[in-house]
Amino acid sequence: MADNKVSQSIEAPGGQRCIDIFQRPDGRWGASEFRRDPEDARGWYPTHACPDTAFDSAEEALAAARLACPWIADL
């Protein structure tokens with residue numbers, strides 16, 4: 001089974017949140033938000049801020065992420 005390939009990772013100031021824009025094995029694109037807490041050594045874990053939908057392009061996935069996660073609007 002092939003994995004998603006991250007093409008862009010946008011990290012919030014402070015380093016506690018990020019958005020990954022990725023391409024699925026079927027060629028469609030997606031976006032996921034992740035969070036990490038400094039006191040938790042387990043690393044990044046997904047949030048439910050971005051829906052699990054597929055897009056035709058990385059640009060469409062990024063636009064959906066900007067709507068779902070307003071903190072990246074100015075980055």
Side-chain angles (χ1 to χ4, degrees):
M1 179 179 194
D3 292 328
N4 294 334
K5 294 180 184 176
V6 175
S7 68
Q8 183 177 11
S9 188
I10 304 165
E11 193 168 314
Q16 290 182 304
R17 292 181 185 264
C18 79
I19 297 282
D20 284 353
I21 306 299
F22 59 89
Q23 189 171 33
R24 293 185 168 91
D26 68 1
R28 304 287 311 266
W29 291 85
S32 293
E33 182 184 37
F34 295 88
R35 177 179 174 83
R36 69 176 168 188
D37 297 316
E39 66 276 2
D40 185 348
R42 291 179 288 177
W44 295 99
Y45 58 91
T47 68
H48 297 289
C50 295
D52 187 25
T53 54
F55 302 94
D56 292 328
S57 69
E59 292 79 15
E60 289 178 16
L62 179 57
R66 288 185 188 279
L67 289 174
C69 305
W71 62 262
I72 67 169
D74 296 326
L75 299 179

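Only this structure's heavy atoms are used, side chains among them; waters, hydrogens and symmetry mates stay out.
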Residues which pass side chain to side chain donor-acceptor pair (under 3.5 Å) with [X], listed by chain and number, not counting sequence neighbours:
{"X": "Ser9", "value": "Asp20"}
{"X": "Asn4", "value": "none"}
{"X": "Asp26", "value": "none"}

Spacing of [atom1] belonging to [X] relative to [atom2] belonging to [Y], to within rounding of 0.5 Å:
{"X": "Arg28", "Y": "Phe55", "atom1": "CZ", "atom2": "CZ", "answer": "8.5 Å"}
{"X": "Trp71", "Y": "Gln16", "atom1": "CH2", "atom2": "CD", "answer": "11.0 Å"}
{"X": "Glu59", "Y": "Gln8", "atom1": "CD", "atom2": "CD", "answer": "9.5 Å"}

Could you work out, with salt bridge (Lys or Arg N to Asp or Glu O under 4.0 Å) as the rule, every residue matching Glu11, not counting sequence neighbours? Arg36

Look at the side-chain heavy atoms of Ile, Leu, Val, Met, Phe, Trp and Tyr, link any pair under 4.5 Å apart, and say whether Trp29 and Ile10 land in one connected group. yes

Within residues 62-71 or reaching into it, pairs that qualify as salt bridge (Lys or Arg N to Asp or Glu O under 4.0 Å) - sequence neighbours excluded: none

Taking all heavy atoms of Ile19 and all of Ala65, pick out the closest pair and write down the distance. CG2-CB, 3.8 Å

Excluding sequence neighbours, so at least two apart, what forms side chain to side chain contact (heavy atoms under 4.5 Å, CB included) with Arg35?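 With sequence neighbours excluded, Arg35 shows a side chain to side chain contact (heavy atoms under 4.5 Å, CB included) to Arg17, Asp37, Tyr45, Thr47, given in chain and number order.
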
